[in-house]
A.B. asks: 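If you scroll down you'll find the structure; I have some questions about it.
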Amino acid sequence: MGLEDAKNQVDHAFTREDTRGLSNENTFGGATSFLRRRYTKDLTGVDLAVTGVPFDQAVTNRTGTRLGPRAIREASSLQSPDAPYGWGYDPLSELSIVDYGDVAFDYAMVSEFPEMLTKHIRGILDAGAGSICLGGDHFITLPILRAYVEKFGGPLSILQFDAHTDTWQDDNMARIDHGTFMYKAVKLGLVDPKRSVQVGIRTDNPDTMGFNIIDAREVHERGPIETVKKIKDILGDHQTYLTFDIDGLDPAYAPGTGTPVWGGLTTAQAAIMLRELAGINMVGGDIVEVSPPFDTTGATAIAGAHVATELICLWGWNRRGNKA
């Protein structure tokens, strides 16, 4: 297979028959599934389902992340012809990975959304597959965690890349807010903060609820490799859900987000850390808060697509018998 195959490959999202292998479809054409994976609702024999969650009605500042999944899929076409760099294996060829499409919900019935999303993820997990979700604002992680705890038991460890802890106090469980969802996740027993890590934090929130916090300055001073050593010491082999808020990156690298904060991680630091995390017991993950209207260059969506690809690599690492 090579670039010459582009003349015969088009709309791989619908025309490819397999769920493994790279795609040499022209990056600028065709239907844009994530990494040119096949769009399907049939999860028979599937290892991992990538699914979109175009929801942004829980934001505290700028909307637009409902357009994130579509933009991330489009940006991912730049990566689809090649194996992910630096991993030493190709999860796209070794694992059965599909694009499961987006969760369906009534945008005018916001109160019904959390259960709709939990049901959507529950269906993926009950089929024996894992999930990588493309957001969407960060509230989506809470309904996803409910499904994961149902499946794997809890509380889970969380590895959260973010500018914000999202632990602002909110004891009204009916409120839908991307800044309080982690507070609720702890209160509901979904997450064990003592065995969890929040990385890249750079906003003040006095009540950390017991989370281990590695703020952005510590990452800059410690360096990404030493940071990962600390993360792994905390997580151990506990079942971990990885959530990556794109505003964990500095606005210079990801301006297309709703609540940008200066002094954040670089894309180089994030790439090194995600690769060095190989071997953690990752059960699922998401990339959230990509808001295309605030980045005409597309750089934020490109970063989001790279993060999602790294999450696939991380999820698949232990499942193919490798050790970090």
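Numbers for residues simply follow the sequence, beginning at 1.
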A.B. asks: Answer yes or no: is there a donor N or O on one side and an acceptor on the other, between the side chain of D56 and the main chain of R66, under 3.5 Å?
C.D. replies: yes
A.B. asks: Quick check: do I158 and M182 have side-chain heavy atoms less than 4.5 Å from each other?
C.D. replies: yes
A.B. asks: Between D42 and T40, do the side chains contain an N or O donor and an N or O acceptor separated by less than 3.5 Å?
C.D. replies: no
A.B. asks: Could you tell me whether the side chains of S131 and Y148 share a donor-acceptor contact shorter than 3.5 Å?
C.D. replies: yes
A.B. asks: With no hydrogens and no angle check, do the side chains of N205 and T167 hold a donor and an acceptor under 3.5 Å apart?
C.D. replies: yes
A.B. asks: Do L142 and I176 belong to the same hydrophobic cluster, where Ile, Leu, Val, Met, Phe, Trp and Tyr are linked whenever their side-chain heavy atoms lie under 4.5 Å apart, directly or via other members?
C.D. replies: yes
A.B. asks: Do V261 and I201 share a hydrophobic cluster (ILVMFWY, side-chain heavy atoms under 4.5 Å, transitive)?
C.D. replies: no
A.B. asks: Does the T19 side chain pair with the main chain of S96, one donor and one acceptor, at a distance under 3.5 Å?
C.D. replies: no
A.B. asks: For R36 and D11, what are the C-alpha separation, side-chain angles and deciding distance, and is it a salt bridge (charged side-chain N to carboxylate O under 4.0 Å, His left out)?
C.D. replies: CA-CA 8 Å; R36 307 292 193 183; D11 295 329; over 6 Å; no
A.B. asks: State, without any angle test, whether D295 and T300 hold a side-chain donor-acceptor pair at a distance under 3.5 Å.
C.D. replies: yes
A.B. asks: Side-chain donor-acceptor pair under 3.5 Å between S23 and S80, yes or no?
C.D. replies: no
A.B. asks: For residues D245 and Q160, determine if any side-chain heavy atom of one lies less than 4.5 Å from a side-chain heavy atom of the other.
C.D. replies: no
A.B. asks: According to a 4.5 Å side-chain heavy-atom criterion applied to Ile, Leu, Val, Met, Phe, Trp and Tyr, with indirect links allowed, do V307 and W315 form part of one hydrophobic cluster?
C.D. replies: yes
A.B. asks: Is a salt bridge present between R20 and D47, judged by a nitrogen-to-oxygen distance below 4.0 Å?
C.D. replies: yes
A.B. asks: So does Q239 have more than 12 non-hydrogen atoms from other groups sitting under 6.0 Å from CD?
C.D. replies: yes
A.B. asks: Would you say the side-chain atoms of E276 pair up with the backbone N or O of I225, donor to acceptor, closer than 3.5 Å?
C.D. replies: no
A.B. asks: Would you say the side-chain atoms of T65 pair up with the backbone N or O of E289, donor to acceptor, closer than 3.5 Å?
C.D. replies: no
A.B. asks: Would you call R222-E218 a salt bridge at under 4.0 Å N-O?
C.D. replies: yes
A.B. asks: Check the side chains of Y183 and D207 for a donor-acceptor pair under 3.5 angstrom, ignoring hydrogens and angles.
C.D. replies: no
A.B. asks: Give the cluster check for L78 versus I246: same hydrophobic cluster or not, with ILVMFWY residues linked at side-chain heavy-atom distances below 4.5 Å.
C.D. replies: no
A.B. asks: Check whether Q269 reaches the backbone of T266 with its side chain - one donor and one acceptor, N or O, closer than 3.5 Å.
C.D. replies: yes
A.B. asks: Classify the side-chain pair S33/H12 by whether it contains a donor and acceptor separated by less than 3.5 Å.
C.D. replies: no
A.B. asks: Between R146, K151, E115, which is the residue that forms a side-chain contact (heavy atoms from CB on, under 4.5 Å) with R122?
C.D. replies: E115
A.B. asks: Nearest 0.5 Å please: distance from the CG atom of L43 over to the OH atom of Y100.
C.D. replies: 5.0 Å
A.B. asks: For the residue pair F105 and F113, categorise the inter-ring angle as parallel (less than 30°), tilted (30 to 60°) or perpendicular (more than 60°).
C.D. replies: perpendicular
A.B. asks: Is there a continuous path of hydrophobic side-chain contacts, each under 4.5 Å between heavy atoms, that joins F181 to V59?
C.D. replies: no
A.B. asks: Regarding D192 and K194, does a basic nitrogen lie under 4.0 Å from an acidic carboxylate oxygen?
C.D. replies: no
A.B. asks: Are the side chain of H138 and the backbone of A58 linked by a donor-acceptor contact shorter than 3.5 Å?
C.D. replies: no
A.B. asks: Would you indicate whether the side-chain heavy atoms of M273 and T227 approach each other to under 4.5 Å?
C.D. replies: yes
A.B. asks: Is there side-chain contact between C133 and I144, with at least one heavy-atom pair below 4.5 Å?
C.D. replies: yes
A.B. asks: Can you check side-chain contact (heavy atoms from CB on, under 4.5 Å) on V10 and T15, steps first, answer last?
C.D. replies: CA-CA 7 Å; V10 67; T15 61; 5.6 Å; no
A.B. asks: Check whether K187 reaches the backbone of D170 with its side chain - one donor and one acceptor, N or O, closer than 3.5 Å.
C.D. replies: no
A.B. asks: For the side chain of R275 and the backbone of G86, is there at least one donor-acceptor N/O pair under 3.5 Å apart?
C.D. replies: yes
A.B. asks: Are any of the side-chain nitrogens in D99 or R38 under 4.0 Å away from the carboxylate oxygens of its partner?
C.D. replies: no
A.B. asks: Judged by modelled atom types alone, do T257 and D247 share a side-chain donor-acceptor pair under 3.5 Å?
C.D. replies: no
A.B. asks: Are any non-hydrogen side-chain atoms of V103 and I121 less than 4.5 angstrom apart?
C.D. replies: no
A.B. asks: Does the side chain of P155 reach to within under 4.5 Å of the side chain of L190, using non-hydrogen atoms?
C.D. replies: no
A.B. asks: Does a side-chain heavy-atom distance below 4.5 Å link T267 with L249?
C.D. replies: yes
A.B. asks: With a cut-off of 6.0 Å (strictly less than), are more than 12 heavy atoms of other residues, nucleotides or ligands near CZ of R175?
C.D. replies: yes
A.B. asks: With a 4.5 Å limit on heavy-atom distance, are the side chains of L95 and L48 in contact?
C.D. replies: no
A.B. asks: Apply side-chain contact (heavy atoms from CB on, under 4.5 Å) to residues L35 and I312 and explain how you reach the verdict.
C.D. replies: CA-CA 11 Å; L35 292 176; I312 288 173; 4.3 Å; yes
A.B. asks: Pair I287, L134 - check side-chain contact (heavy atoms from CB on, under 4.5 Å), show working.
C.D. replies: CA-CA 5 Å; I287 169 68; L134 314 176; 3.7 Å; yes
A.B. asks: Show your reasoning for whether ring pair (Phe, Tyr, Trp, His ring centres under 6.0 Å) applies to F244 and F161.
C.D. replies: CA-CA 5 Å; F244 197 111; F161 289 83; 5.0 Å; yes
A.B. asks: Would you find more than 12 non-hydrogen atoms of other residues, nucleotides or ligands less than 6.0 Å from R70 atom CZ?
C.D. replies: no
A.B. asks: Donor-acceptor check, side chain of D250 to backbone of G264, threshold 3.5 angstrom: yes or no?
C.D. replies: yes
A.B. asks: Can you tell me if Y107 has over 12 outside heavy atoms packed within less than 6.0 Å of its OH?
C.D. replies: no
A.B. asks: Could R319 and W317 be counted as a cation-pi pair, given that NZ or CZ must be under 6.0 Å from the ring centre and within 45° of the axis?
C.D. replies: no
A.B. asks: Taking 4.0 angstrom as the limit, do D215 and R202 come out as a salt bridge?
C.D. replies: no
A.B. asks: Taking S77 for its side chain and E74 for its backbone only, find out whether a donor-acceptor pair lies under 3.5 Å.
C.D. replies: yes
A.B. asks: Look at the aromatic rings of W168 and H164 and report parallel, tilted or perpendicular, splitting at 30° and 60°.
C.D. replies: tilted
